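Working notes, structure below.
Lettering of chains follows the sequences in order, A, B, ..., and the numbering in each one begins at 1. Just so it is clear, the structure is predicted and the values come from calculations on it, not from any experiment.
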Number of protein chains: 2
Amino acid sequence: MTTSESVLPSRREQNKLATRRAIADAALSVLRSKGIGNFTVEDISEEAGVSRRTFFNYFPSLEASLASVTEGFLDNALEQFRLRPANEPILESARAALMALADPMTVAPMAELFSLTQDNRTLARSELEAWDHCTNQIIDAARHRLGPDADELYLRALAGSIVSCGKAAMTIWFEDRGSDLSAESLASLRQHLINAIGLLGSGFNPSA
Amino acid sequence: MTTSESVLPSRREQNKLATRRAIADAALSVLRSKGIGNFTVEDISEEAGVSRRTFFNYFPSLEASLASVTEGFLDNALEQFRLRPANEPILESARAALMALADPMTVAPMAELFSLTQDNRTLARSELEAWDHCTNQIIDAARHRLGPDADELYLRALAGSIVSCGKAAMTIWFEDRGSDLSAESLASLRQHLINAIGLLGSGFNPSA
DNA sequence: GTGCAAACTTGCACTTAGTGTAAGTGGGTG
DNA sequence: CACCCACTTACACTAAGTGCAAGTTTGCAC
């Protein structure tokens with residue numbers, strides 16, 4: 001209550017984060033061993049060494065525990081976006097932020113999730129939610145940068161398009177390369193991301 | 001088996017469609033009367049005059065029965081997109097297709113759904129799924145138009161961006177106008193859609 | 001119209017998701 | 001070291017979603 005008010009993550013906060021991470025890791029682990037759709041929240045809880053009820057104290061659903069992988073992945077890029085200088089052209093900031101998606105450490109769990117889930121419907125929902133959440137974060141960040149009287153339509157259309165470009169690049173990359181994380185493969189992901197933003201910046205003019 | 005092979009919707013098909021529609025209508029009706037989150041699949045089934053089991057024969061979840069509103073709304077625009085001449089610039093086709101979103105008949109149920117659900121999380125998922133499905137349909141339609149050797153990254157990034165623009169315009173419009181369906185309000189929706197596609201076509205260049 | 005086969009509906013039983021509640025338990029702080 | 005509060009857990013319950021088998025309707029041929 002005195003000095004460590006809200007800035008420092010208290011010991012308890014750290015523990016909670018650890019539990020959360022343990023559950024998320026367990027979820028991925030169980031997904032690996034049993035395959036998509038062949039396990040329950042109980043399986044994950046057991047693997048994580050907590051009760052079923054505790055699982056639901058941390059995640060609202062089974063899919064959410066897996067989507068936390070995607071969230072972490074996107075949060076990283078979001079952080080980069082926020083760190084860009086405010087006077088930089090937005091698409092340039094976006095390009096720089098998207099580069100973070102090609103970081104080996106960050107993309108690895110994401111690629112594994114991709115490969116383990118492929119075309120699963122239920123999971124796809126939480127996945128979409130994560131991308132949508134990211135879009136909203138970009139909108140907020142961009143609004144903050146451009147001031148309160150920025151055009152809302154501009155903000156929303158732009159943020160949505162940026163995210164779509166990121167998603168498109170990730171999809172293409174994964175279809176081409178599977179979960180190949182070699183330097184060369186990551187370079188191609190980076191190129192896809194650059195190309196996508198390039199298309200966006202040129203208004204998808206076919207001649208470009 | 002002779003002539004009505006597969007082209008005409010057989011009597012059985014019509015009945016199924018009618019049941020499906022009855023359930024979807026019932027879902028909206030119950031949503032209206034009880035409010036979001038305060039009803040179950042059983043309530044909808046009862047209102048539609050079918051068993052709970054039959055409900056699940058038609059829709060995989062409660063949210064899906066409501067999301068069918070959005071699907072119908074988007075399918076309409078999709079149809080317009082497919083009808084555009086193949087040699088037309090794609091963004092122009094997109095603009096024309098998006099105009100269908102401002103059709104009073106089509107947008108009315110959508111606007112009501114918007115107003116009844118507002119910021120509900122669970123429903124938002126199925127909603128996102130519908131927009132995502134639409135994106136994939138656009139990708140297919142555009143691939144069909146541009147031939148099989150079109151750049152996949154181009155297709156996906158473009159389709160995603162177009163849908164994002166549509167979504168952005170709808171969101172802004174609804175925030176401004178609530179469920180006002182007057183001619184003037186719809187004109188403003190149309191203008192939002194045109195503006196969004198304009199932004200996309202100009203690469204979101206702030207000077208434009 | 002009568003009967004038949006296929007399609008559609010329904011009831012039942014079951015697993016799992018998700019939540020409220022109240023009682024435990026243990027770690028951090030004074 | 002003892003208290004207290006945050007976190008965990010067990011329990012009980014509602015509702016989602018599904019497989020199955022028995023009923024009921026519907027389209028169709030005769």
Side-chain angles (χ1 to χ4, degrees), chain A residues 1-6 8-24 26-27 30-31 34-68 120-126 129, chain B residues 1-23 26-27 30-31 34-68 120-126 129:
Chain A
M1 287 284 188
T2 52
T3 56
S4 64
E5 179 97 15
S6 61
L8 294 186
S10 79
R11 212 80 162 214
R12 278 208 150 96
E13 285 303 311
Q14 287 178 271
N15 287 347
K16 282 189 75 168
L17 278 215
T19 305
R20 189 184 171 83
R21 182 179 204 111
I23 294 175
V30 173
L31 172 61
K34 299 207 173 186
I36 187 75
N38 301 125
F39 59 96
T40 70
V41 170
E42 186 136 26
D43 295 325
I44 299 177
S45 316
E46 200 175 337
E47 173 83 16
V50 300
S51 74
R52 201 178 78 96
R53 193 62 183 80
T54 295
F55 175 95
F56 283 112
N57 284 343
Y58 282 87
F59 295 99
S61 69
L62 189 153
E63 306 89 57
S65 68
L66 286 168
S68 71
N120 181 58
R121 296 213 59 66
T122 321
L123 191 61
R125 284 199 219 171
S126 285
E129 223 170 350
Chain B
M1 284 285 189
T2 52
T3 57
S4 64
E5 179 96 17
S6 61
V7 187
L8 295 185
S10 77
R11 196 59 172 265
R12 277 210 149 96
E13 285 303 313
Q14 286 177 271
N15 288 346
K16 282 189 73 167
L17 278 216
T19 305
R20 189 185 171 83
R21 182 180 204 112
I23 294 174
V30 174
L31 171 62
K34 300 208 171 185
I36 187 73
N38 302 124
F39 58 96
T40 70
V41 169
E42 186 136 28
D43 295 324
I44 300 177
S45 316
E46 199 174 336
E47 173 83 16
V50 299
S51 73
R52 201 179 78 98
R53 193 61 184 82
T54 295
F55 175 95
F56 284 112
N57 285 341
Y58 283 87
F59 295 100
S61 68
L62 188 153
E63 306 89 57
S65 69
L66 287 169
S68 70
N120 181 55
R121 297 213 57 67
T122 321
L123 190 61
R125 285 198 219 171
S126 286
E129 221 170 351

Round to a whole Å and report the spacing from CG of B:N38 to C1' of D:dT14.
14 Å
Given atom CZ of B:F59 and atom P of D:dT18, what is their separation to the nearest angstrom?
14 Å
Nearest to the side chain of B:K16, which nucleotide is it out of D:dT9, C:dC8, C:dT10?
C:dC8
A:N15 side-chain N/O to C:dG28 phosphate OP1/OP2 under 4.0 Å:
yes
Closest to side chain of A:T40, choosing from C:dT16, C:dG18, C:dT10
C:dT16
Under 3.5 Å: donor-acceptor pair, side chain of B:T54, backbone of B:V50:
no
Spell out yes or no: do the side chain of B:R53 and the base of D:dG19 have one donor N/O and one acceptor N/O closer than 3.5 Å?
yes
Rounded to whole Å, the CZ-P distance (B:F55 to D:dA16) equals 9 Å
Kindly determine whether A:S68 and A:S65 satisfy side chain to side chain donor-acceptor pair (under 3.5 Å), including the steps that lead there.
CA-CA 5 Å; A:S68 71; A:S65 68; over 6 Å; no
Once you round it to whole Å, what is the distance between P of C:dG18 and CG of B:L62?
14 Å
For B:R125 and D:dA16, give me the distance from atom CZ to atom C1', rounded to whole Å.
13 Å
Would you say that A:R20 contacts A:F59 through its side chain, given a criterion of any heavy-atom pair below 4.5 Å between the two side chains?
yes
A:T54 side chain near D:dT9 phosphate (N/O to OP1/OP2, under 4.0 Å)
yes
Inspect the contact between B:E63 and A:R125 and indicate whether a charged nitrogen and a carboxylate oxygen are less than 4.0 angstrom apart.
yes
Using only heavy-atom distances, decide whether a donor-acceptor pair under 3.5 angstrom links the side-chain of B:R52 to the base of C:dG11.
no
To the nearest angstrom, how far is B:N57 atom CG from D:dC20 atom P?
14 Å
Between B:R52 (side chain only) and B:V41 (backbone N and O only), is there a donor and an acceptor less than 3.5 Å apart?
no
Report yes if at least one side-chain N or O of B:Y58 is closer than 4.0 Å to OP1 or OP2 of C:dC8; otherwise report no.
no
Please give, in whole Å, the distance from C:dG11 C1' to B:E42 CD?
12 Å
Are OP1 or OP2 of D:dT8 and a side-chain N or O of A:T19 less than 4.0 angstrom apart?
yes
Please give, in whole Å, the distance from C:dT21 P to A:F56 CZ?
18 Å
